[in-house]
There are 2 protein chains.
Amino acid sequence: MIAQQLCYNRSETFRGEQAQHKSMARRHNIDGRPTIAQIARIAGVSVPTVSKVLNGRADVSLPTREKVERIIEEYGFVRNRAARALRKGKTGLVDLLLPRLDDEYYLPILEGVAQVLREAGLRLVLTATDYKSEEEVRWITTVTDHSTDGILVVLPSERAIEQLERSGLPFVLIHNQGGLQAMAPSVRITSWEGGFVATTYLLRLGHQRIAYIGKTSPARDAIERIAGYRAALDAAGLPLRPELECDGDFTEASGYQATLRLLELPEPPTAIFAGNDRQAAGVYRALHERGLAVPEQMSVVGFDNLPYTEIMNPPLTTIHAPRLELGRTAATMLLRLINGEQLEMPRVVLPTHLVERQSCCPPRQHQG
Amino acid sequence: MIAQQLCYNRSETFRGEQAQHKSMARRHNIDGRPTIAQIARIAGVSVPTVSKVLNGRADVSLPTREKVERIIEEYGFVRNRAARALRKGKTGLVDLLLPRLDDEYYLPILEGVAQVLREAGLRLVLTATDYKSEEEVRWITTVTDHSTDGILVVLPSERAIEQLERSGLPFVLIHNQGGLQAMAPSVRITSWEGGFVATTYLLRLGHQRIAYIGKTSPARDAIERIAGYRAALDAAGLPLRPELECDGDFTEASGYQATLRLLELPEPPTAIFAGNDRQAAGVYRALHERGLAVPEQMSVVGFDNLPYTEIMNPPLTTIHAPRLELGRTAATMLLRLINGEQLEMPRVVLPTHLVERQSCCPPRQHQG
DNA sequence: TTTCTTCTAGAAAACGATTTCGATTTCTTT
DNA sequence: AAAGAAATCGAAATCGTTTTCTAGAAGAAA
């Protein structure tokens with residue numbers, strides 16, 4: 001083990017290949033990377049001709065084209081993006097602003113954006129704002145410098161949206177919290193419907209006392225979820241019981257706390273709609289600690305359909321939030337805007353749906 | 001719910017603020033975004049003077065500076081990055097190549113890189129290669145176009161490294177698979193030691209029959225883990241039993257399969273070192289299906305310390321892979337290289353450590 | 001052969017910043 | 001008051017590409 005360690009830590013100064021490469025370039029009489037001008041000189045043509053070859057223009061004869069292409073290949077020429085961007089006014093870059101990077105919730109969104117961008121030959125600049133709107137505004141200012149052709153913002157603050165609208169840069173909002181008045185292009189999910197469906201599902205199983213966790217968050221998606229929950233109860237002719245609507249800031253810990261409180265109620269619920277999957281994990285932990293079995297003694301429904309819900313024990317029934325599509329849709333819309341096209345559907349809402357697994361069953365008879 | 005839907009789907013054509021903004025700009029007699037030249041004209045100074053103000057140069061008098069700053073503020077001027085990049089030869093961008101985006105394993109690496117880059121005022125360009133080395137090479141070619149000041153590659157292929165070395169661009173490798181001969185700057189973790197520590201921990205608890213899952217993967221980290229496992233058994237004077245070294249490609253499914261096979265052995269193991277946390281999740285599932293309790297009837301150790309291991313039931317004892325530090329260290333090294341400095345420690349290895357939770361206990365007496 | 005198209009190719013002007021360096025102006029110093 | 005030093009500012013070149021726009025060559029039609 002010690003030998004291993006020594007081997008690992010062997011300190012060998014790394015001298016970049018830069019030096020090596022430069023000398024190789026010198027042999028070809030080129031300082032550093034070749035430019036279009038160098039290539040043109042070597043090929044015995046003019047600079048615009050090389051540019052035309054590079055851009056696949058028609059007004060270049062076949063022999064000339066082939067000669068230039070050969071030289072380009074031989075010298076491994078790649079054109080300088082900065083110069084190109086300067087001239088064309090497009091950078092080929094798109095910015096994505098995320099509240100956090102260490103939250104796996106956003107991962108599929110990122111993935112979706114990356115997919116679409118890659119198909120379009122654009123590259124993705126990633127920025128985390130840490131939920132601070134100052135950071136957000138600061139970055140949007142930075143971004144306004146034409147370093148990027150457009151911008152996607154997840155969970156944008158009001159200020160960020162204003163800044164964005166003022167900037168004139170194409171942008172699309174993901175999970176926009178904003179009021180209904182905002183006409184900015186955005187993509188969201190049917191959180192209300194999700195809450196409604198989750199609750200209705202539990203009602204159909206026969207549950208009468210259903211708790212909701214996650215009352216604390218002021219986020220729009222959270223508000224809609226609880227609204228959906230209430231609407232479902234109402235539609236079923238059941239009264240709303242304040243004691244069953246628990247605080248919760250969408251963390252595992254708050255799911256745990258809320259569950260403990262629910263279990264101390266004179267009449268505990270027979271089912272819990274956890275608001276999101278992280279809180280559902282906390283619910284599981286509390287139930288396990290108290291020796292209650294899921295779903296026999298307590299049905300649980302989550303929201304989001306994070307990857308780990310599949311390997312929870314028992315696998316969690318949850319509402320699927322189409323996060324990959326969120327990213328793909330937003331990116332596709334942004335591409336249109338960048339292209340100067342108009343959006344006939346500027347505000348898109350993607351449907352959620354129930355993923356039935358094994359955390360729910362009808363309530364036991366002696367209850368209620 | 002129908003009303004809700006209608007509201008969501010209301011189709012309102014979005015006409016970009018671009019048009020609006022342009023007219024506002026026209027009022028100020030500016031076409032589109034102001035340039036340094038515009039600002040200079042308005043402020044009644046020369047272009048270089050504005051540039052000097054922007055760059056905080058000393059040779060500008062206070063009144064001039066203040067006047068220019070006022071105009072800049074008033075017109076919301078931000079300089080064009082492309083022009084700046086062209087002139088300075090630096091783009092302020094760093095590339096990060098990841099094998100996949102939908103794998104939460106890489107998330108903390110990404111986070112670490114982003115942190116360091118943000119502190120340095122650089123921005124992060126993210127690219128996924130989908131484990132395809134052609135993609136990797138293609139992107140590295142793309143990246144050579146000076147669009148980026150440096151590049152970080154996670155799990156680089158041999159070809160990618162060659163390409164990188166040829167490019168002359170500063171780069172740092174993360175989780176380099178390569179042979180020991182490669183002198184390229186890289187950051188890795190002590191996988192061998194992790195395997196050794198995990199196995200030793202089980203041995204100390206009294207286990208004699210310890211299985212390992214994950215023999216299939218050719219990745220260097222996988223090879224080191226099993227090597228560490230064998231070394232620990234060897235150090236304890238125990239024989240290596242081939243039937244306890246299971247295939248496994250580091251997916252949940254393969255952990256599940258391997259466990260089922262292990263349980264069918266005439267003498268099943270009393271502990272399983274799962275190779276990684278995903279496989280450990282599969283182990284849990286198989287054990288649960290067979291009605292075996294963790295840790296009473298089977299101890300389990302994972303590797304990586306993914307977030308969900310904490311909420312597994314019981315919480316998983318695992319080897320922590322310092323992924324955030326992996327990202328931070330690599331980014332810090334790259335910054336040095338970009339700065340033209342030399343690395344006195346070009347090949348860094350970060351330590352792993354055991355995170356003791358509740359998935360292990362001494363074996364039951366009647367076993368072995 | 002002449003004239004009119006159609007192809008090719010290149011000269012020159014952008015794109016918007018930074019940098020160099022020389023020309024003023026202002027301030028010290030004697 | 002004159003000379004030298006220091007501070008301030010701007011003209012022009014530059015980064016590497018793309019985009020006119022024009023000139024000449026080649027081919028077609030008369």
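We name chains A, B, ... by the order of the sequence lines, and we start the count at 1 in each one. Side chains are part of it too, since the values below use all heavy atoms of this structure and drop only hydrogens, waters and symmetry mates.
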Legend entry - Within residues 44-57 of chain B: residues closer than 4.0 Å to DNA chain C (heavy atoms): B:V47, B:P48, B:S51, B:N55, B:R57
Legend entry - Separation of atom CD in A:Q38 from atom C1' in D:dC15, rounded to whole Å: 13 Å
Inset, instruction - Verify whether one side chain among B:Q38 and B:R41 offers a donor that lies under 3.5 Å from an acceptor in the other. - result: yes
Inset, instruction - Would you check, one step at a time, whether the test salt bridge (Lys or Arg N to Asp or Glu O under 4.0 Å) holds for B:R100 with B:D102? - result: CA-CA 6 Å; B:R100 298 189 67 90; B:D102 59 357; 2.7 Å; yes
Inset, instruction - Estimate the overall bend of the helix from C:dT1-D:dA30 to C:dT30-D:dA1 from the end axes over five pairs each, rounded to 10 degrees. - result: 40°
Legend entry - A:L86, nearest nucleotide to its side chain (from C:dA9, C:dC15, C:dA17): C:dC15
Inset, instruction - Under the side chain to side chain contact (heavy atoms under 4.5 Å, CB included) rule, collect the residues that match up with B:E73, sequence neighbours excluded. - result: none
Legend entry - Atom CZ of B:R65: over 12 foreign heavy atoms under 6.0 Å: yes
Inset, instruction - Send over the distance from A:I39 CD1 to D:dT18 P, rounded to a whole Å. - result: 13 Å
Legend entry - Short side-chain donor-acceptor distance under 3.5 Å, B:E119 and B:Q115: no
Inset, instruction - Verify the contact: side-chain N or O of A:T64 to OP1 or OP2 of C:dA9, cut-off strictly under 4.0 Å; return yes or no. - result: yes
Legend entry - Any side-chain donor near an acceptor of the partner, B:T49 and B:S46, under 3.5 Å: yes
Legend entry - Below 4.0 Å: OP1/OP2 of D:dC15 and any side-chain N or O of A:T35: no
Legend entry - Distance-only donor-acceptor check, side chains B:T127 and B:D95, under 3.5 Å: yes
Legend entry - Rounded distance (Å) that lies between atom C1' of D:dG16 and atom OH of A:Y75: 19 Å
Legend entry - Rounded distance (Å) that lies between atom P of C:dG22 and atom CG of B:D59: 15 Å
Legend entry - Any donor-acceptor N/O pair, A:T148 side chain to A:L93 backbone, under 3.5 Å: yes
Legend entry - Gap between atoms CD1 and P, on B:I36 and C:dA17 respectively (whole Å): 5 Å
Inset, instruction - Could you check how far CG of B:N80 sits from C1' of C:dA14, rounded to whole Å? - result: 14 Å
Legend entry - Atom pair distance, as rounded to whole Å: CG in B:L62 and P in D:dT8: 9 Å
Legend entry - Donor-acceptor pair present, A:R79 side chain and D:dT17 base, under 3.5 Å: no
Inset, instruction - Would you indicate whether the side-chain heavy atoms of A:L337 and A:L343 approach each other to under 4.5 Å? - result: yes
Inset, instruction - Using atom NZ of B:K90 as one end and atom C1' of D:dC15 as the other, report the distance to the nearest whole Å. - result: 15 Å
Legend entry - C:dT18 base / B:R87 side chain donor-acceptor hit below 3.5 Å: yes
